[in-house]
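Notes follow once the structure below has been shown.
For clarity, every value in this text was computed on a predicted model and none was experimentally measured. Residue numbers start from 1 in every chain, and the chains themselves are labelled A, B, ... in the order their sequence lines are given, proteins ahead of strands.
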Amino acid sequence: MLHSVKISREACQGCVNCIKICPTEAIRIVDGEINIISELCIDCGECLRSCSRQALGIQGDDWNKIKEAPKVTLLPDPVFYSQFSHYMDPSALESVVSSFGYEMMTEEMEEAFDLSAYACAQAISHSPRQSLPLISCYCSSTLRFIQSRFPELLPRVVPVCSPLELAADLLRMRTNSSAPITLLSPCPAKITMIKDPQGRERSPIDNAVELRRVARSIMASNASPQPETDARERSNRWLHWARRGGEARHIQAFSDRKLTMLAVSGLRNTIDVLQELELGRLRNVDFIECRICDTGCVGGTGTAESRFLANLRINSINVDWNVTENDVQRAERLYAMDFWAIEKEYTARPHLPLSDNIGEAMAKLQQMKEIYSCLPHIDCGSCGRPSCQAMAEEIVRGHGSVTDCIFKLREGIATLANRIVVMSESQPQTLKIRGETK
Amino acid sequence: MAAPVCLEYRIEGNDFMVAGAASNNIKNTLKMLGISSSVCTRVAIIAYEAEINLVIHGGGGVLKAEITEDRVKLTAEDEGPGIADIEKAMTEGFSTATEYAREMGFGAGMGLPNIKKNSDEFNIESEVGKGTRLYSTVFFNKQ
Ligand SMILES: Nc1ncnc2c1ncn2[C@@H]1O[C@H](COP(=O)(O)OP(=O)(O)O)[C@@H](O)[C@H]1O
Ligand code: SF4
Ligand SMILES: [Mg+2]
């Protein structure tokens with residue numbers, strides 16, 4: 001399983017912050033080495049936020065190499081447009097990027113996001129009441145979270161490819177060029193989306209780099225945009241997918257009826273909303289937009305700018321929410337071509353049970369309860385596991401011993417010390433006898 | 001046959017904030033035993049609704065799960081006001097939830113009907129002034 005969070009073992013000081021913050025309890029520090037359990041990681045990037053020593057980073061493709069290619073085609077995440085204080089207008093940023101000799105996809109972006117919104121609106125309107133709400137798949141980390149924690153909700157995930165992939169599909173369909181397409185990603189999750197695609201065999205996108213790298217090099221150059229900016233008609237609707245609620249609003253724009261939609265952002269809200277949905281509490285909702293990152297993708301760990309400012313900037317870009325007859329016809333034409341649908345179902349990736357045999361698993365569970373009951377229940381993390389419960393589980397799975405817990409170790413030493421005291425007080429028989437014979 | 005796994009939770013009355021913790025724990029336990037996710041979800045819904053009823057109607061009580069190799073048996077017991085007309089309580093949409101509980105998003109009157117729908121075996125006994133006892137069984141290999 002591929003991931004885009006990289007570890008620098010030299011930088012890690014073993015502080016256990018990341019272990020405790022990881023929502024899927026995927027991180028361990030054993031024998032002084034930090035490890036991410038690949039099956040559990042969802043690339044949300046929370047661990048990066050918790051690390052003050054840069055021991056965790058994003059593993060993208062090598063931008064220095066990519067930018068040297070004869071032709072550089074960039075596929076910008078909407079967040080890219082929110083990162084610059086001095087290119088407020090999208091066309092200004094585009095002209096600066098092209099002055100570097102890079103080709104940035106723009107028209108395909110508008111079309112692909114319109115298509116995706118249209119396809120989602122269709123999926124909602126064709127779903128029977130009990131299959132609603134549908135869930136967005138735009139946040140790749142949320143999708144992975146559902147695959148591992150809420151597999152029962154997978155049929156509710158919209159069967160529409162990410163608009164980022166669709167934009168690349170469009171470009172490939174329209175040009176013969178096989179020049180690599182590079183995604184400017186706001187997060188590790190979208191990098192993983194192209195390395196290990198879900199719902200399709202292979203990604204039409206070739207490379208992915210964290211957009212911070214490219215944004216910083218452009219900022220540093222201080223280049224000024226061409227004075228005459230292009231007069232192309234733009235709706236800019238797609239840029240709003242960078243912030244919470246943008247996708248929902250876009251889908252509404254393509255719907256015939258007023259939809260009831262929830263747009264939540266942040267890890268905690270995402271977990272809560274999925275849980276409530278699973279428990280059947282969210283009746284009468286049509287669509288749920290979930291973003292692992294607070295405020296939406298502008299809060300991703302691969303961005304350069306404050307999520308608050310980025311959010312403001314996106315909000316201040318002129319946007320046309322009125323879908324024209326032309327827009328609808330264009331979306332319909334693309335929709336009829338069918339390439340937007342996922343090719344294979346999203347697969348469940350549940351956590352491994354204690355044993356494949358239920359009787360054995362039950363025995364291990366009892367054992368686990370016993371081990372847990374003698375641990376201190378303070379979840380201190382010193383054992384390198386996220387909680388006492390997780391420690392107990394690792395022990396029965398055969399990956400650790402009770403003395404990994406420093407409190408148990410201390411108890412052991414105390415017992416041993418007592419035995420030493422008792423032993424030191426007992427008289428060696430031989431000495432006494434020797435003394436008497438003198 | 002392995003010894004049954006017994007889980008027991010004391011549920012406080014009117015404590016809306018922690019409601020849901022017990023059902024979550026039961027669900028995670030079943031997952032560790034390798035029970036299919038569709039069964040886990042059904043059990044989670046039953047346990048959750050039972051837990052909520054203990055909180056908003058029963059004045060608190062005890063939720064138990066007894067797991068054997070082929071099934072889980074849930075019991076929710078309280079010494080609250082009891083239910084006068086069980087048949088009525090079982091109808092969809094019927095609820096005596098307080099205004100406050102409704103404001104918190106509870107009281108749609110779907111709890112008991114949903115518990116029954118998701119159970120393979122279901123029973124509820126109640127005596128006014130004495131309390132309520134709800135039983136639900138879900139088998140692992142039945143669809
Ligand atoms: N443990 C209980 N103690 C007393 N009354 C109960 C209990 N559980 C359910 N009831 C009664 O049954 C009704 C229907 O329950 P339920 O279907 O769960 O709907 P809701 O909880 O939304 O009211 C409740 O409104 C309440 O009058
Ligand atoms: S919310 Fe957006 S930036 Fe954050 S993990 Fe999901 S896709 Fe990436
Ligand atoms: Mg109820």
Side-chain angles (χ1 to χ4, degrees), chain A residues 24-25 39-40 130 146-156 262 268 271-285 346-373 387 389-390 392-397, chain B residues 1-8 16-17 19-52 65-72 92-93 104-111 113-115 117-118 139-141:
Chain A
T24 59
E25 301 198 336
E39 291 74 30
L40 301 180
Q130 72 274 14
I146 295 172
Q147 288 177 299
S148 70
R149 274 285 194 83
F150 298 97
E152 284 302 292
L153 297 179
L154 283 174
R156 293 179 182 274
L262 295 175
R268 200 69 206 267
I271 296 176
D272 284 357
V273 85
L274 294 174
Q275 203 144 2
E276 289 187 16
L277 178 58
E278 180 177 53
L279 291 170
R281 296 208 58 210
L282 302 177
R283 279 171 246 280
N284 305 320
V285 175
Y346 300 120
T347 46
R349 295 176 10 178
H351 193 16
L352 236 50
L354 294 175
S355 160
D356 291 335
N357 173 290
I358 178 155
E360 239 165 70
M362 283 171 65
K364 284 196 178 166
L365 193 74
Q366 295 287 18
Q367 229 182 315
M368 196 179 129
K369 280 172 81 177
E370 279 154 32
I371 295 170
Y372 177 72
S373 71
S387 64
Q389 195 76 53
E393 186 179 335
E394 297 247 307
I395 294 171
V396 300
R397 286 184 192 269
Chain B
M1 272 282 212
V5 172
C6 298
L7 309 171
E8 191 173 319
F16 295 89
M17 294 322 282
S23 53
N24 214 0
N25 196 284
I26 294 172
K27 174 183 141 182
N28 289 339
T29 305
L30 292 177
K31 284 197 166 172
M32 264 194 271
L33 296 178
I35 306 303
S36 78
S37 67
S38 61
V39 169
C40 290
T41 302
R42 280 168 56 204
V43 175
I45 292 173
I46 297 168
Y48 176 74
E49 293 294 352
E51 199 182 342
I52 292 291
E66 188 209 64
I67 308 167
T68 57
E69 291 188 23
D70 62 335
R71 54 114 181 104
V72 53
E92 293 194 2
M104 299 294 288
F106 303 102
M110 296 299 290
N114 267 336
I115 292 176
K117 198 172 78 194
N118 284 293
F139 293 99
F140 298 149
N141 294 318

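Per-residue heavy-atom pair counts under 4.5 Å with chain A were compared for B:Ala2, B:Ser37, B:Gly34, and the maximum is reached by B:Ser37. Ranked by heavy-atom pairs shorter than 4.5 Å toward chain A, the options B:Asp70, B:Asn28, B:Ile67, B:Thr68 are led by B:Thr68.
At most 12 heavy atoms of other shown residues, nucleotides or ligands fall within 6.0 angstrom of atom CD in B:Glu92.
To the nearest 0.5 angstrom, A:Gln275 atom CD is 9.0 Å from B:Tyr48 atom OH. Rounding to the nearest 0.5 angstrom, the gap separating the CG atom in A:Leu354 from the OG1 atom in B:Thr29 is 9.5 Å. Atoms CZ and CD, from B:Arg42 and A:Glu152 in turn, are 10.5 Å apart once rounded to the nearest 0.5 Å. Put simply, CD1 on B:Ile35 and CD1 on A:Ile358 are 3.5 Å apart, with the number rounded to the nearest 0.5 Å. Atoms CZ and CD1, on A:Arg281 and B:Ile52 in that order, are 6.5 Å from each other to the nearest 0.5 Å.
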Which donor-acceptor pairs under 3.5 Å do the side chains of residues 360-367 of chain A make with protein atoms, sequence neighbours left out?
from: A:Glu360; atom 1: OE1; to: A:Ser355; atom 2: OG; distance (Å): 3.2
from: A:Gln366; atom 1: NE2; to: B:Pro4; atom 2: O; distance (Å): 3.0

Item to check | Stepwise side-chain contact (heavy atoms from CB on, under 4.5 Å) check, A:Lys369 with B:Leu7 | outcome: CA-CA 10 Å; A:Lys369 280 172 81 177; B:Leu7 309 171; 4.0 Å; yes
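Partners of A:Glu393 under the salt bridge (charged side-chain N to carboxylate O under 4.0 Å, His left out) rule, at least two apart in sequence or in another chain, are A:Arg397.
Only the side chain of B:Asn114 has a heavy atom closer than 4.5 Å to any heavy atom of chain A. Only the backbone of A:Arg149 comes within less than 4.5 Å of a heavy atom of chain B; no side-chain atom from C-beta onward does. Heavy-atom distances place no part of B:Cys40 under 4.5 Å from chain A, backbone and side chain included.
Scanning both residues, B:Leu33 and A:Pro353, for their nearest heavy atoms gives C-CB, 4.0 Å.
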